[in-house]
Q: 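Okay, handing you the structure first.
We use all heavy atoms of the structure for the numbers below, so side chains are in, but hydrogens, waters and symmetry mates are not. First listed ligand is number 1; within each ligand, the first listed atom is number 1.
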Amino acid sequence: MLTIALSKGRILEQTLPLLKRANIEISEEELSSRKLILNTNNENVKIIIIRATDVPSFVQHGAADIGIAGKDVLMEHGAVGLFELLDLNISKCSLMVAATSKEMLDQQTLKIATKYVNCTKQYFQQKGQQVEIIKLYGSMELAPKVGLSHCIVDLVDTGNTLKANGLKPLEHIIDISSRLIVNVASYRTKNKQIRGYVSKIKGKL
Ligand code: ATP
Ligand code: PRP
């Protein structure tokens with residue numbers, strides 16, 4: 001049995017066609033159900049549906065053999081105890097510093113609102129800039145508007161969310177895309193099976 005961890009939303013949507021090419025399909029009935037363990041057309045493969053940020057933990061601890069997670073989530077998690085096998089080139093965006101203006105970044109101690117605490121700490125440490133990080137779980141774009149922070153570190157794709165909230169993308173930290181990750185032990189014990197699926201997905205990328 002092979003267990004694949006996916007998160008609902010854009011990753012699930014963009015992963016389905018890739019899985020289909022590896023002959024793994026989920027019926028509409030399963031997809032629209034409230035079930036968290038979904039059957040596939042392959043009796044040896046099941047899908048578990050979890051929060052995007054939880055995917056590395058499920059794979060690291062072997063509750064799932066394979067997972068698909070954004071590079072942002074992997075960097076923030078640390079990704080210890082798992083292999084990153086493949087860049088799927090889906091869910092592409094950038095991790096950026098944004099504020100109302102460039103001048104807002106000129107602070108003795110820069111106050112930053114973000115859910116990417118570790119990535120932010122590392123980025124500003126490398127720059128040698130003193131920061132205070134305020135951990136948020138969403139709606140980061142609001143923070144500078146209400147005086148909670150001088151700037152934010154968040155994902156940017158079209159830039160529409162920043163624009164709609166009067167913010168500008170100012171510093172590019174890193175390009176993000178989703179990666180296929182594998183539990184270290186599973187990669188040993190189910191090597192042939194995993195490599196078979198991965199090569200089918202890879203061949204079609
Ligand atoms: P959670 O359920 O933990 O709140 P989430 O809301 O971040 O997670 P998604 O919005 O589905 O979950 O994002 C999943 C992944 O998709 C992110 O980790 C990131 O890699 C990528 N992503 C997020 N926002 C965008 C975007 N606007 N454009 C492209 N890719 C994105
Ligand atoms: C993500 C991210 C930004 C937005 C950026 O949010 O947190 O808010 O996308 O995309 P854009 O540059 O194309 O506007 P998402 O849409 O995933 O909603 P979320 O807040 O539920 O994560």
Q: Below a 4.0 angstrom heavy-atom separation, can you tell me which part of Asp154, side chain or backbone, both or neither, approaches ligand 2?
A: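 It is the side chain that gets close, since no backbone atom is under 4.0 Å.
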Q: May I ask which of Glu76, Lys8, Lys115, Lys71 has a heavy atom nearer to atom 7 (O) of ligand 1 than the others do?
A: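 Nearest heavy atom to atom 7 (O) of ligand 1 lies in Lys115.
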Q: Report yes or no: does Cys93 have a heavy atom closer than 4.0 Å to ligand 1?
A: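 It does, in that a heavy atom of Cys93 comes within the 4.0 Å cut-off of ligand 1.
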Q: Show the atoms of ligand 2 that are less than 4.0 angstrom away from any heavy atom in Leu155.
A: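 Going through ligand 2 atom by atom, the ones under 4.0 Å from Leu155 are 2 (C), 3 (C), 5 (C).
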Q: Among all the protein's non-hydrogen atoms, which is closest to atom 15 (C) of ligand 1, and how far away is it?
A: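 Atom 15 (C) of ligand 1 sits closest to the protein heavy atom Ile11 CD1, 3.8 Å.
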Q: Heavy-atom contacts with Thr161 under 4.0 Å: which atoms of ligand 2 show up? List them by number with element.
A: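 Answer, ordered by atom number: 4 (C), 5 (C), 8 (O), 10 (O), 11 (P), 14 (O).
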Q: Does ligand 2 have any atom sitting under 4.0 Å from a heavy atom of Met140?
A: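 The answer is no, since Met140 has no heavy atom less than 4.0 Å from ligand 2.
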Q: Mark yes or no for whether Asp65, through its side chain, and Ser186, through its backbone, hold a donor-acceptor pair below 3.5 Å.
A: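 A pair under 3.5 Å: no.
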Q: Evaluate Asn183 against Phe58 for side-chain contact (heavy atoms from CB on, under 4.5 Å), listing each step before the verdict.
A: CA-CA 9 Å; Asn183 172 268; Phe58 275 69; over 6 Å; no
Q: Please verify whether a non-hydrogen atom of Lys163 lies at under 4.0 Å from ligand 2.
A: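 Lys163: no contact with ligand 2 (<4.0 Å).
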Q: Heavy-atom contact check, 4.0 Å cutoff: does Gly159 meet ligand 2?
A: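 In this structure, Gly159 qualifies as a contact of ligand 2 - some heavy atom is under 4.0 Å.
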Q: Between atom CD of Glu30 and atom CD1 of Ile37, what is the distance when rounded to the nearest 0.5 Å?
A: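 The distance works out to 10.5 Å.
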Q: Checking the N or O distance criterion of under 3.5 Å, is ligand 1 in contact with Asp72?
A: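 Such a contact does occur with ligand 1.
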Q: Under 3.5 Å, side chain of Glu76 to main-chain N/O of Val117, donor-acceptor pair present?
A: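 Yes: the side chain of Glu76 pairs with the backbone of Val117.
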Q: Atom 24 (N) of ligand 1: which protein heavy atom is closest, and how many Å away?
A: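 The protein heavy atom lying closest is Arg10 NH1, 3.1 Å.
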Q: Under 3.5 Å, is there a donor-acceptor pair between the side chain of Thr114 and the main chain of Val153?
A: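 Between the backbone of Val153 and the side chain of Thr114 there is a qualifying donor-acceptor contact (under 3.5 Å).
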Q: Can you check which of Met96, Glu141, Arg10 brings a heavy atom nearest to atom 17 (O) of ligand 2?
A: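 Nearest heavy atom to atom 17 (O) of ligand 2 lies in Arg10.
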Q: Run the numbers for me: atoms of ligand 2, each under 4.0 Å from some heavy atom of Thr158, listed by number.
A: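 Those of ligand 2 that fall under 4.0 Å from Thr158 are 11 (P), 12 (O), 13 (O), 14 (O).
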Q: Which ligand 1 atoms are under 4.0 Å away from a heavy-atom of Ser91?
A: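 So the answer, numbered in order with elements, is 16 (O), 21 (C), 29 (C), 30 (N).
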Q: Looking at atom 19 (P) of ligand 2, would you say a protein heavy atom lies below 4.0 Å from it?
A: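 It does not: no protein heavy atom is found less than 4.0 Å away from atom 19 (P) of ligand 2.
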Q: Is the backbone N or O of Leu105 less than 3.5 Å from a side-chain atom of Gln129, with the two atoms forming a donor-acceptor pair by type?
A: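 Yes.
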Q: Give the atoms of ligand 2, by number and element, whose distance to some non-hydrogen atom of Val156 is under 4.0 Å.
A: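 Going through ligand 2 atom by atom, the ones under 4.0 Å from Val156 are 12 (O).
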Q: Could you grab the distance from atom CG of Leu180 to atom CD1 of Ile4, nearest 0.5 Å is fine?
A: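 CD1 of Ile4 is found 8.0 Å from CG of Leu180.
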Q: Would you say Lys115 has any N or O atom under 3.5 Å from an N or O of ligand 2, going by distance alone?
A: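 Between Lys115 and ligand 2 (N or O atoms, distance only) the closest approach is not under 3.5 Å.
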